[in-house]
Protein chains: 2
Amino acid sequence: MANLGSNDQRVLTTLKKSNKPLSAYDILDRTRSAALKAPVQVYRALQKLEKRGLVHRVEALNAFVACCDDHHGLHRPGFVVCRDCGVAREFEDKRVARVAEDAAGPDFLIETISLEIYGRCAPCRAAA
Amino acid sequence: MANLGSNDQRVLTTLKKSNKPLSAYDILDRTRSAALKAPVQVYRALQKLEKRGLVHRVEALNAFVACCDDHHGLHRPGFVVCRDCGVAREFEDKRVARVAEDAAGPDFLIETISLEIYGRCAPCRAAA
DNA sequence: GTTGCCTTCGTTATGATATAACATTACGGT
DNA sequence: ACCGTAATGTTATATCATAACGAAGGCAAC
Ligand SMILES: [Zn+2]
Ligand SMILES: [Zn+2]
Ligand SMILES: [Zn+2]
Ligand SMILES: [Zn+2]
């Protein structure tokens, strides 16, 4: 598979600099001066990055985060997301795969698992 | 809280008749002749129905399903979704809540949990 | 009853997310 | 150089969701 192109790297760098998930259009805004001019370029980069496990999509936010763990390669993380401050913390738990297999049954071929937990983080609760 | 209005019931009935998740615009298409004329009416109905646990949103599909279980009230189901045929099967597993609590930690207030499993169901695999 | 208030519902417009379709360029193999 | 393929750029469009405002309905105080 081809290496990362310059668009891909710009998108990845942008995500790594953010402590929150960014939408494709957030990324576009932050890279427009650099080189990216249209949504499709961002989406193409995101797709490539996601295939390699460098970026994850947070479904319920329509947004993307850089994987917090560079060495891992592809994996199936979950996310804990604060609705107030928007921070998304990636985690893994082996029990998730077992739950998924039990739910899907032996003849279902699992391709992806999305587990997202929403609520209020401790600092935000204290502040409120 | 107010009872279901006629729009709400039309939306719920439409979802119950479908064996797959429907987008808000799918619902709109199927109810336009009845009474619903604009997306916002569908979204308002869906919001009310979701609050009562009568429908669930499937995040990664941007779509909605009628709850398979009428008596339950509010609960936290997961979904097993076939990418080929689009069927979404609702399930529950108590282990999910424990995984979520462990991941979120004691000071995070969990509000919602979304667990969605994507892949190919047995009939679709056999057909392919 | 009618006035004022609040909630629901309808209508129009717009914002936000994502992809289709096609042109252009980059690049390796011959 | 020539071709075929993959990557990138460009324009347009499809899809999903909400803002803003007004009309209609219910309910209590007067
Ligand atoms: Zn990761
Ligand atoms: Zn927070
Ligand atoms: Zn349910
Ligand atoms: Zn299937």
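Throughout, a chain's letter reflects where its sequence line sits, starting with A, and its residues are numbered from 1.
- Residue contacts for A:R57: at a heavy-atom cut-off of 4.0 Å it reaches the sugar-phosphate backbone alone, with no base atom in range.
- Ring-plane geometry between A:H75 and A:H56 is classed as tilted, the angle between the planes lying from 30 to 60 degrees on a 0 to 90 degree scale.
- A:R32 places its CZ atom 14 Å from the C1' atom of D:dG9, with the value rounded to the nearest Å.
- Here A:A24 lies out of heavy-atom contact (under 4.0 Å) with every strand.
- Set against D:dA17, C:dT12, C:dC9, the side chain of B:N62 has D:dA17 as its closest nucleotide.
- Taking atom CG of A:N3 as the reference point, atom C1' of C:dG28 lies 15 Å away to the nearest angstrom.
- When rounded to the nearest whole Å, the span between CD of A:E59 and C1' of D:dC16 equals 14 Å.
- Considering only heavy atoms from C-beta on, A:L15 comes within 4.5 Å of A:I27 through its side chain.
- Taken from CD in B:E59 to OG in A:S114, the straight-line distance is 8.0 Å, to the nearest 0.5 Å.
- B:L61 has its CG atom 15 Å from the P atom of D:dT15, to the nearest Å.
- One donor-acceptor pair, N or O on each side, does fall under 3.5 Å between the base of D:dA17 and the side chain of B:Y25.
- Residues B:L74 and B:R52 fail the side-chain proximity criterion, which asks for heavy atoms closer than 4.5 Å.
- The phosphate of C:dG10 has OP1 or OP2 within less than 4.0 Å of a side-chain N or O from B:Q41.
- For B:Y43 and D:dA17, the shortest distance from a side-chain N or O to OP1 or OP2 is below 4.0 Å.
- Taking atom CG of B:L46 as the reference point, atom C1' of C:dC9 lies 15 Å away to the nearest angstrom.
- Comparing atom distances between the A:V40 side chain and each of C:dA20, C:dC9, C:dA18 picks out C:dA20 as nearest.
- Summarising the local packing, CD of B:Q9 is surrounded by more than 12 heavy atoms from other residues, nucleotides or ligands at distances under 6.0 Å.
- Between B:P39 and B:D8, the residue whose closest nucleotide on DNA chain C is further toward the 5' end is B:D8.
- Across the protein-nucleic acid pair, A:F64 atom CZ and C:dA16 atom P stand 17 Å apart, rounded to whole Å.
- The distance between atom NZ of A:K37 and atom P of C:dT25, rounded to the nearest whole Å, is 13 Å.
- For A:N7, whose side chain is taken as the heavy atoms from C-beta onward, the closest listed nucleotide among C:dT19, D:dT8, C:dT12 is D:dT8.
- Rounded to whole angstrom, the span from the CD atom of B:Q47 across to the C1' atom of C:dC9 amounts to 14 Å.
- Comparing D:dT11, D:dG9, D:dA20 against the side chain of B:R44 picks out D:dA20 as the nearest.
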